Amino acid sequence: MARLEWETAKIVRLRRMLMAWYEHSHRDLPWRESRDPYAIWVSEVMLQQTRVAVVEERFKEFLELFPTVDALARAPEQEVLAAWSGLGYYRRPRMLHRAAQFVVANCAGVLPQSSAELRLLPGIGAYTAAAIASIAFGECVAVVDGNVERVLYRVAGWETGVRAGSAALKRKVGELAGELMDAERPGDFNQALMELGATVCLPRNPLCLVCPLSTDCYTRGEHRRPPRPPMLSREIAHALALRTKYERETGRGASKARARAVREVLLEQRPASATVMPTMWELPQLREAAVPDRELCMAVRHAIMQVNYYVRIRTVTEEKVAALTLAGGARRWVPLREAGAMALTGLARKVLTRARLLPTEPADALAAMRTTEQEADADAG
DNA sequence: AAACCGTGGTC
DNA sequence: TGACCAAGGTT
């Protein structure tokens with residue numbers, strides 16, 4: 001490891017200030033209540049490029065649906081995707097699922113304990129391997145995420161001469177983090193550095209006045225990042241096709257023949273070969289992006305990656321839907337009660353929710369469906 | 001190395 | 001309102 005030109009005293013001071021600060025100002029987050037390596041793993045994958053506030057809710061739901069590696073490994077992929085619906089980067093749940101199946105098949109369901117072994121699992125890169133190993137197993141290995149990078153970038157004053165995001169900078173940050181590491185409490189140290197970045201050493205307006213590292217910080221807040229390309233915009237339109245089906249009441253007390261109205265929505269599954277959101281379910285796309293105002297049911301903006309989609313939603317009858325929409329993947333009329341439990345894209349979920357057509361959150365819908373299945377099984381058995 | 005993969009909160 | 005961007009990984 002390259003020698004840093006920092007005095008030992010400064011290293012020790014930074015470490016002590018950071019750990020003392022973390023002691024009294026860390027947030028109470030759901031995954032910090034658990035010592036289960038599996039729970040830590042799920043939280044780290046869910047936190048990849050995703051805000052803590054969003055993950056707080058979804059993490060708990062996910063663990064209720066899939067409490068163990070075994071439960072996750074056994075679940076159908078569509079259920080795992082459904083539990084992830086709206087979180088984005090759907091390669092994450094797929095790889096998490098595959099990794100769980102690998103762990104069950106090859107490791108007796110026990111997660112590997114070293115960062116080197118964890119790194120071999122799909123969906124676990126350098127950051128996630130170090131995070132799980134340090135937090136769940138106490139391995140003395142430093143994490144480098146966006147927060148750590150920014151914090152140490154500022155503390156060390158490496159703004160000039162090194163391109164942001166370069167491999168060279170990442171390596172230097174990792175070395176510094178390793179020197180600062182509190183070998184007594186690796187997991188807490190890593191979380192402390194990230195916590196500081198997330199709550200004090202903010203990207204735009206850092207709170208240097210309350211920062212425990214400010215006396216030893218080289219820049220005290222300066223931090224430029226390369227400009228991003230401007231967002232593009234596109235117009236698209238989707239069909240909200242609804243129908244009401246009348247079903248005979250069956251089962252208990254079916255002596256009197258009664259018809260039950262079931263509202264259904266037409267959903268389309270994106271092809272497995274799609275580069276974006278494969279196998280996720282969405283509303284069929286309309287042929288014409290231009291929808292006359294009188295037929296417009298809803299207009300929403302939906303940003304995906306670098307593109308702002310101006311989306312227009314038009315209600316379409318069952319008879320006209322074939323003529324008006326583009327042929328995509330497989331289609332299914334889905335009872336609204338079940339739609340919420342499907343692997344919907346974020347856009348489809350947003351539209352159906354805003355139209356008051358989805359009664360429940362994805363996790364609730366999934367749980368409800370499972371209960372129904374169990375009742376059906378019980379009735380059958 | 002650089003491009004690609006989603007989303008919603010925030011200011 | 002729109003630009004910014006978050007506990008990254010894979011190819």
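Not measured: the values here are computed from a predicted model. Proteins come first, then strands; the chains are lettered A, B, ... in the order of their sequence lines, and each starts at number 1.
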Gap between atoms CD and C1', on A/Gln306 and B/dC5 respectively (whole Å):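 Between C1' of B/dC5 and CD of A/Gln306: 11 Å.
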
query: What integer distance in Å separates A/Tyr90:OH from B/dC4:C1'?
result: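 Distance check: A/Tyr90 OH to B/dC4 C1' gives 16 Å.
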
Listed partners of [X] passing side chain to side chain donor-acceptor pair (under 3.5 Å), at least two apart:
| X | result |
| --- | --- |
| A/Asp70 | A/Arg74 |
| A/Trp84 | none |
| A/Ser25 | A/Trp21 |
| A/Glu139 | A/Ser115 |

Stretch residues 36-51 of chain A: residues that reach within less than 4.0 Å of DNA chain B through a heavy atom: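 Those residues whose heavy atoms fall under 4.0 Å from DNA chain B, taken from residues 36-51 of chain A in numerical order, are A/Gln49, A/Thr50, A/Arg51.
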
field: Members of residues 117-135 of chain A that approach DNA chain B, where some heavy atom sits under 4.0 Å away
entry: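 Under 4.0 Å from DNA chain B: no residue of residues 117-135 of chain A.
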
field: Nearest-nucleotide 5' precedence on DNA chain C, A/Gln191 against A/Asn308
entry: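 Per heavy-atom nearest nucleotide, the more 5' residue is A/Asn308.
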
- prompt: With a 4.0 Å cut-off on heavy atoms, is A/Arg32 in touch with a base, just the backbone sugar-phosphate, or nothing at all?
  reply: base

query: Picking from A/Arg314, A/Glu268, A/Arg331, A/Lys320, what satisfies side-chain hydrogen bond (donor to acceptor under 3.5 Å, both in side chains) with A/Thr325?
result: A/Arg331

task: Between B/dG8 and C/dG9, how far apart are the P atoms? Round to whole Å, please.
output: 22 Å

- prompt: What integer number of Å spans the P atoms of B/dA3 and C/dA7?
  reply: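 Here B/dA3 and C/dA7 have their P atoms 23 Å from each other.
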
message: Any side-chain N or O of A/His302 below 4.0 angstrom from OP1/OP2 of B/dG6?
response: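 No, because none of the side-chain N or O atoms of A/His302 sits under 4.0 Å from OP1 or OP2 of B/dG6.
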
With A/Ser214 via side chain to side chain contact (heavy atoms under 4.5 Å, CB included) - residues at least two apart: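 A/Cys211.
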
- prompt: Quick one: side chain to side chain contact (heavy atoms under 4.5 Å, CB included) partners of A/Gln285, sequence neighbours excluded?
  reply: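 For A/Gln285 the side chain to side chain contact (heavy atoms under 4.5 Å, CB included) partners, ignoring immediate neighbours, are A/Ile236, A/His238, A/Leu326.
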
query: Starting at the 5' end of DNA chain B, which residue's closest nucleotide do you reach first, A/Arg92 or A/Arg204?
result: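 Looking at DNA chain B, the more 5' nearest nucleotide goes with A/Arg92.
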
Test item: side-chain donor near acceptor, A/Arg301 and A/Ser233, under 3.5 Å: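 Side chains of A/Arg301 and A/Ser233: no pair found under 3.5 Å.
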
message: Tell me every residue that passes salt bridge (charged side-chain N to carboxylate O under 4.0 Å, His left out) with A/Glu33, counting only those two or more places apart in sequence or in another chain.
response: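 Here no residue qualifies.
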
